[in-house]
**Student:** 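Structure in structure tokens, see below.
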Amino acid sequence: MIFAELDARLERVPGTVSTYVGRLDADPTWTRHADATHYAASTMKVGVLVALHRAAEAGHLDLDAPVEVRNDFASTQPDAPRFSCARHYDNDDAVWDRVGGTASLRWLADRMIVRSSNLATNIVLGHVGLPAVAEVWALAGARNSVTGRGIEDFAAREAGITNLVTAADLAALLGALALGAVRPGPLAPPERCTAMLDVLIAQEHCEDLAAGLPEGTRIAHKNGWVRGVRHGAGVVYPGDAPPYVVVACTTTDLADGGPTGEEIVDDACRLIADVSAAVWDARHDLR
């Protein structure tokens, strides 16, 4: 009954709202437009995180070796000029304070997730490469998601090169990570999947999915936002029920794309928090 009520509510929301809810390694309990594509915003950073750890596992990168923190990147669009990130558009002064110096890839990957730093993301992406992220999506079983460029690569964006996700694909990626922490899976050995989940659990932007959960509930999650877009994707670990995946992707005017903090900041945040709260109430009834 609760999911029928959610469907009725979401039907009235302007734009497109996609959802995926279900236990790990099981058919979903509830979906809504789960294969509709949305601009990825910062949810693409989960794929970059996994690609980094896979490269480290293969011995191609040392996560603790220092790398240059440089705000200068090659565009995905051939022959386009190099581009840089704008500090005012980022969420983490700590990374910017290191420009001109060095930092470890592990630290940069942490800042990419917990503070959603765009600068850190582009640096990490430059070390792993877009094909490695595409491989992560494929290994997770994603069907419609693509990471085609770095963040703020406007020349590529104008050429139609973009980053897309679906609720189903984000659920597949996070579900593969969560299952990979308890048994061998396609993404990485259990200890690496556990390390990546720990980073997602340390997420500091908690104004959407996490805001709908009781205080102290463990959730490994990543959100993303720009004007007109707000997404939340996570694995919730209740103390009294099996873990479950919950994803809500919104492309709607309710998302103002503004700065975020510990409080719910716009109607799209509130909507996702409400979805999360409703799913929490139904956690014992999920398939």
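Keep in mind the model is a prediction, meaning the values are calculated, not measured. The first residue of the sequence shown is numbered 1, and numbering continues consecutively from there. Side-chain atoms are counted along with the backbone in the values below, which use heavy atoms only and exclude waters and symmetry mates.
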**Student:** Please identify which of these residues, N223, T250, V246, meets the side chain to side chain contact (heavy atoms under 4.5 Å, CB included) condition with I272.
**Tutor:** T250

**Student:** Over all heavy atoms of both residues, which pair between R149 and I161 is shortest? Give the atoms and the distance, please.
**Tutor:**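 Scanning both residues, the minimum pair turns out to be NE-O, 2.9 Å.
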
**Student:** Check the pair L200, H221 against side chain to side chain contact (heavy atoms under 4.5 Å, CB included), reporting the backbone distance first and the verdict last.
**Tutor:** CA-CA 5 Å; L200 292 164; H221 66 120; 5.9 Å; no

**Student:** Would Y39 and T162 satisfy side chain to side chain contact (heavy atoms under 4.5 Å, CB included), going step by step from the backbone distance to the final call?
**Tutor:** CA-CA 8 Å; Y39 176 64; T162 191; 3.6 Å; yes

**Student:** Strictly distance-based, threshold 3.5 Å: is any side-chain N or O of T31 a donor or acceptor partner for the main-chain N or O of A34?
**Tutor:** no

**Student:** Could you state the interatomic distance from CH2 (W225) to CG (D256), rounded to the nearest 0.5 Å?
**Tutor:**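 It comes to 11.5 Å.
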
**Student:** I'd like to know if the side chain of S18 and the backbone of H33 have a donor-acceptor N/O pair within less than 3.5 Å.
**Tutor:** yes

**Student:** Thinking salt bridges, do R54 and E135 make one under a 4.0 Å N-O criterion?
**Tutor:**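 Looking at R54 and E135, the cut-off is met.
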
**Student:** Examine the side chains of W30 and D7 and answer whether a donor and an acceptor come within less than 3.5 Å of each other.
**Tutor:** yes

**Student:** Side chains of H38 and T251: is there a donor and an acceptor less than 3.5 Å apart?
**Tutor:**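 Looking only at side-chain atoms, T251 and H38 do form a donor-acceptor pair, the distance falling under 3.5 Å.
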
**Student:** Provide the closest heavy-atom pair for Y237 versus A220 in the form atom of the first, atom of the second, distance.
**Tutor:** CE1-CB, 4.4 Å

**Student:** Please report the C-alpha distance between F3 and T19 in whole Å, then the side-chain angles of each, then the deciding distance to 0.1 Å, and finally whether the side chain to side chain contact (heavy atoms under 4.5 Å, CB included) criterion is met.
**Tutor:** CA-CA 11 Å; F3 295 116; T19 62; over 6 Å; no

**Student:** For the CD atom on E191, are there more than 12 heavy atoms of other groups (residues, nucleotides or ligands in this structure) within a distance under 6.0 Å?
**Tutor:** yes

**Student:** Taking all non-hydrogen atoms of both residues, which atom of G224 and which atom of A41 are closest, and how far apart?
**Tutor:** C-CB, 3.8 Å

**Student:** For Y244 and W280, take the angle between the two ring planes, folded into 0 to 90°, and tell me which bin it lands in: parallel under 30, tilted 30 to 60, perpendicular over 60.
**Tutor:**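 Judged by the thresholds at 30° and 60°, the geometry between Y244 and W280 is tilted.
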
**Student:** Less than 4.5 Å apart, side chain to side chain, heavy atoms only: is that true for V95 and W107?
**Tutor:** yes

**Student:** Say whether V247 and L209 are linked into one hydrophobic cluster, either directly or through other cluster members, by side-chain heavy-atom distances under 4.5 angstrom.
**Tutor:**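 Result: no, two separate clusters.
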
**Student:** Quick one: does T121's side chain have a donor or acceptor within less than 3.5 Å of a partner on S117's backbone?
**Tutor:** yes

**Student:** Please check this pair: side chain of T194 against backbone of P190, looking for a donor-acceptor N/O pair closer than 3.5 Å.
**Tutor:**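 Yes: the side chain of T194 pairs with the backbone of P190.
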
**Student:** Distance check, rounded to the nearest 0.5 Å: I123 atom CD1 versus E68 atom CD?
**Tutor:**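 Nearest 0.5 Å value for the CD1-CD distance: 8.5 Å.
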
**Student:** What verdict does the salt bridge (charged side-chain N to carboxylate O under 4.0 Å, His left out) test give for R98 and D93, after you've listed the backbone C-alpha separation in whole Å, the side-chain angles of each residue and the deciding distance to 0.1 Å?
**Tutor:** CA-CA 9 Å; R98 297 202 184 191; D93 285 339; over 6 Å; no

**Student:** Would a distance-only check, ignoring hydrogens and angles, find a side-chain to backbone donor-acceptor pair under 3.5 Å from N118 to C85?
**Tutor:**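 It does not hold such a pair.
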
**Student:** Using side chain to side chain contact (heavy atoms under 4.5 Å, CB included), reason through T16 and T252 one step at a time and then give a plain yes or no.
**Tutor:** CA-CA 6 Å; T16 302; T252 172; over 6 Å; no

**Student:** For the residue pair R143 and W137, would you count it as a cation-pi contact if the rule is NZ or CZ under 6.0 angstrom from the ring centre and within 45 degrees of the ring axis?
**Tutor:**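 R143 over W137 ring: no.
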
**Student:** Calculate, to the nearest 0.5 Å, the distance between atoms CG and NE2 belonging to L177 and H53 respectively.
**Tutor:** 9.5 Å

**Student:** Would you kindly confirm whether V13 and V21 end up in one hydrophobic cluster when ILVMFWY residues are joined by side chain heavy atoms under 4.5 Å apart?
**Tutor:** yes

**Student:** Check whether any side-chain N or O of R218 sits under 3.5 Å from a backbone N or O of I201 as a donor-acceptor pair, and report yes or no.
**Tutor:**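 Looks like no, no N/O pair under 3.5 Å.
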
**Student:** Is there a donor-acceptor pair closer than 3.5 Å between any side-chain N or O of R32 and the backbone N or O of V17?
**Tutor:**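 Between the backbone of V17 and the side chain of R32 there is a qualifying donor-acceptor contact (under 3.5 Å).
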
**Student:** Are a donor atom and an acceptor atom from the side chains of S116 and S42 found within less than 3.5 Å of each other?
**Tutor:**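 Short answer, yes.
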
**Student:** Applying the 4.5 Å side-chain criterion to the ILVMFWY set and letting contacts propagate, would V229 and I151 be lumped into a single cluster?
**Tutor:** no

**Student:** Apply salt bridge (charged side-chain N to carboxylate O under 4.0 Å, His left out) to residues R87 and D97 and explain how you reach the verdict.
**Tutor:** CA-CA 10 Å; R87 184 165 186 163; D97 289 344; 3.0 Å; yes

**Student:** Given side chains that start at C-beta, do those of L164 and S145 come closer than 4.5 Å, heavy atoms only?
**Tutor:**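 SC-SC contact between L164 and S145 ruled out.
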
**Student:** Are side-chain heavy atoms of L187 and L173 found at a separation under 4.5 Å?
**Tutor:**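 Side-chain contact under 4.5 Å: yes.
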
**Student:** Flag yes if L130 and L119 sit in one hydrophobic cluster, no otherwise; membership is Ile, Leu, Val, Met, Phe, Trp, Tyr, and two members link when side-chain heavy atoms are under 4.5 Å apart.
**Tutor:**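 L130 clusters together with L119.
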
**Student:** Between the side chain of R115 and the main-chain N/O of N91, is any donor-acceptor distance below 3.5 Å?
**Tutor:**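 Answer holds: yes.
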
**Student:** Hey, does the side chain of R283 reach the backbone of P238 with a donor-acceptor pair shorter than 3.5 angstrom?
**Tutor:** no

**Student:** Is there a side-chain contact between T102 and V67 (heavy atoms, below 4.5 Å)?
**Tutor:**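 Not in contact.
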
**Student:** Step through the shown structure and confirm whether more than 12 heavy atoms of other residues, nucleotides or ligands are within 6.0 Å of CG on N144.
**Tutor:** yes

**Student:** Can you find a heavy atom in the side chain of V146 that is under 4.5 Å from one in the side chain of M44?
**Tutor:** no

**Student:** If you compare all heavy atoms of A210 against all heavy atoms of I219, which two are closest, and at what distance to 0.1 Å?
**Tutor:**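 Residues A210 and I219, closest heavy atoms: CB-CG2, 4.2 Å.
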
**Student:** Could you pull out the closest heavy-atom pair between T166 and C249, with the gap in Å?
**Tutor:** C-SG, 4.4 Å

**Student:** Please confirm whether the backbone N or O of G148 pairs with a side-chain atom of N163, one donor and one acceptor, at under 3.5 Å?
**Tutor:**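 Such a contact is found between N163 side chain and G148 backbone.
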
**Student:** Tell me whether D240 at atom CG has more than 12 heavy atoms from other residues, nucleotides or ligands lying less than 6.0 Å away.
**Tutor:** yes

**Student:** Taking the basic N atoms (NZ, or NE/NH1/NH2) and the acidic carboxylate oxygens, is any pair closer than 4.0 Å for D208 and R270?
**Tutor:** no

**Student:** So, for L6 and A278, which heavy atoms are closest and what is the spacing to 0.1 Å?
**Tutor:**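 The answer is CD1-CB, 3.8 Å.
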
**Student:** Side-chain heavy atoms nearer than 4.5 Å, only ILVMFWY residues, links allowed to pass through others: does that put L179 and V236 together?
**Tutor:** no

**Student:** What I want to find out is whether R227 reaches D266 closely enough, with some N-O distance under 4.0 Å, to be called a salt bridge.
**Tutor:** no

**Student:** If you measure from CD on E152 to OG on S75, what distance do you get to the nearest 0.5 Å?
**Tutor:**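 Between atom CD of E152 and atom OG of S75 there are 12.5 Å.
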
**Student:** Using side-chain heavy atoms (C-beta onward) and a distance below 4.5 Å, is E207 in contact with R230?
**Tutor:**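 Contact flag for E207/R230 side chains = yes.
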
**Student:** How about M196 and V50: do any of their side-chain heavy atoms sit closer than 4.5 Å?
**Tutor:**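 Side chain of M196 against side chain of V50, heavy atoms only: contact under 4.5 Å found.
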
**Student:** Within a strict 4.5 Å, meaning less than it, do heavy atoms of the V128 and L125 side chains meet?
**Tutor:**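 In short, these two side chains touch, coming nearer than 4.5 Å.
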
**Student:** How long is the gap from CG on D110 to CD on E204, to the nearest 0.5 Å?
**Tutor:** 10.0 Å

**Student:** Quick one: pull up NE2 in H60 and NE2 in H127 and give me the separation to the nearest 0.5 Å.
**Tutor:** 15.0 Å

